[in-house]
> 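Okay, handing you the structure first.
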Amino acid sequence: METSVLASSHAIAPSTPQSKAPSARLWMPERVVFTPSALKEAWGQQILSRVQALGLPVEELARDRLTGLRGETERETYDISKRTLAVVNAPPSQLKLSPIPPSADWQFHLAEGCPAHCQYCYLAGSLQGPPVIRAYANLPQILDNLARYKKPEQPTSFEVSCYTDPLGIEHLTGSLAECIRYFGTRENEYLRWVSKFDAVDGLLDLPHHGRTRCRASVNASPVSRQFEGGTASVVARLQALRKLALPKEQGGGGYPVGLVIAPIMPMEDWEQHYTQLLDDIQAALDFDCDLTFELISHRFTPVSKEVLQTWYPHSKLDMDEASRTTKRNKFGGIKYVYPTDVMKDLRQFFERSLAQRFPNAHILYWT
Ligand code: SF4
């Protein structure tokens with residue numbers, strides 16, 4: 001049931017750095033399954049102890065295969081999957097990393113799938129099979145493998161949030177903290193992660209040595225309230241980012257931080273709504289910090305649209321091809337983006353507004 005994973009509230013609290021926004025309730029899966037191979041891993045045992053301590057029912061599967069996730073309809077399969085945590089070993093193919101421009105040099109994965117319910121979800125169409133949340137039990141092997149991808153004598157960056165929201169499942173896995181600790185020991189290697197959740201207290205004291213950039217994914221309130229089920233409110237995400245960015249002496253994490261504003265949509269009165277969002281960001285980060293912005297306009301593909309329409313059949317998300325223009329990716333696939341004049345207006349607004357408000361921050365990319 002969605003209520004088991006929904007945020008306690010999406011109400012917008014007053015926008016001050018001190019305001020207390022309601023946190024997202026931690027996601028508690030109704031079913032936690034372990035494959036036999038995952039249980040043989042020390043990290044799998046660590047996850048087992050966590051989920052048992054939370055009182056969650058645990059099942060060991062007979063084989064290394066996930067079954068029993070299909071419902072009668074795709075929507076039922078979605079509901080079953082989003083209530084299930086599967087602890088499995090990452091397949092060997094995951095040890096062959098892919099580049100992920102413009103976000104980072106390489107992507108790697110500590111899990112696949114996400115407990116939230118964003119109606120524009122980036123995972124739709126990119127992951128195969130039911131959208132069950134799979135957490136990887138062979139994390140030490142995944143981390144050891146990263147050294148092979150280090151560029152000689154140059155900084156190398158690794159993104160860990162392409163296929164999951166790593167903070168959304170952190171209370172169940174501890175895997176994000178482990179990645180941060182690992183990068184804290186690596187010269188010239190940098191971790192990047194992004195989230196729509198806000199439970200960051202367990203990350204504040206980690207020895208990250210400035211090698212992890214924590215980002216919050218945020219949007220204007222008409223988008224976040226309508227389309228981002230199961231996440232923390234934007235105000236709560238900004239409060240979490242504030243904690244991560246505050247210097248250690250002030251009780252914060254002292255991390256480099258960032259905002260991913262995505263997916264940007266030209267809804268009615270969009271300038272006003274995005275101005276409010278930037279006001280909220282400015283209020284939450286009212287101190288000097290190492291800050292970046294990433295700006296991503298809304299896009300979809302024929303496959304992602306089809307998948308999203310089965311997951312969210314009543315969604316009001318605009319995916320009308322007639323009002324878009326097409327772009328081709330490097331493999332020849334089509335994606336639908338806003339027309340050039342709309343993109344230009346949006347981009348100019350953000351570049352101008354961010355330069356005025358955050359003169360020391362870097363805009364990493366607009367897309
Ligand atoms: Fe998808 Fe990200 Fe939303 Fe999770 S938080 S449902 S991965 S868009």
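Atoms within each ligand, like the ligands themselves, are counted from 1 in listed order. Fair warning: this is a prediction, and the values are worked out from it, not measured in the lab.
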> Working note: Glu294 + Arg192, criterion salt bridge (Lys or Arg N to Asp or Glu O under 4.0 Å); need CA distance, chi angles, decisive distance, verdict.
CA-CA 12 Å; Glu294 292 153 79; Arg192 297 160 57 68; 3.0 Å; yes

> Quick one: look up the protein heavy atom nearest atom 1 (Fe) of ligand 1 and list residue, atom name and how far away it is.
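Protein heavy atom with the smallest distance to atom 1 (Fe) of ligand 1: Cys121 SG, 2.3 Å.
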
> Which residue owns the protein heavy atom closest to atom 2 (Fe) of ligand 1, what's the atom, and how far is it?
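The answer is Lys196 NZ, 3.6 Å.
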
> Check whether NZ of the Lys or CZ of the Arg Arg324 lies under 6.0 Å from the centre of the six-membered ring of Tyr338 and within 45 degrees of that ring's axis.
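Yes, Arg324 sits over the ring of Tyr338.
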
> Within 2.8 Å of atom 4 (Fe) of ligand 1, is there any N, O or S atom belonging to Cys118?
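False for Cys118.
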
> Between Tyr120 and Phe300, is the gap from one ring center to the other below 6.0 Å?
no

> Report yes or no: does a heavy atom of Leu123 sit under 4.0 Å from some atom of ligand 1?
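So Leu123 counts as touching ligand 1.
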
> If you define the side chain from C-beta out and look only at heavy atoms, does anything of Phe287 sit under 4.5 Å from Leu246?
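Touching, per the 4.5 Å side-chain cut-off.
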
> Are Phe350 and Phe293 an aromatic pair by the rule of ring centers under 6.0 Å?
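Aromatic pair excluded; centres sit 6.0 Å or further apart.
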
> Got the closest protein heavy atom to atom 4 (Fe) of ligand 1, with its distance?
Cys114 SG, 2.2 Å

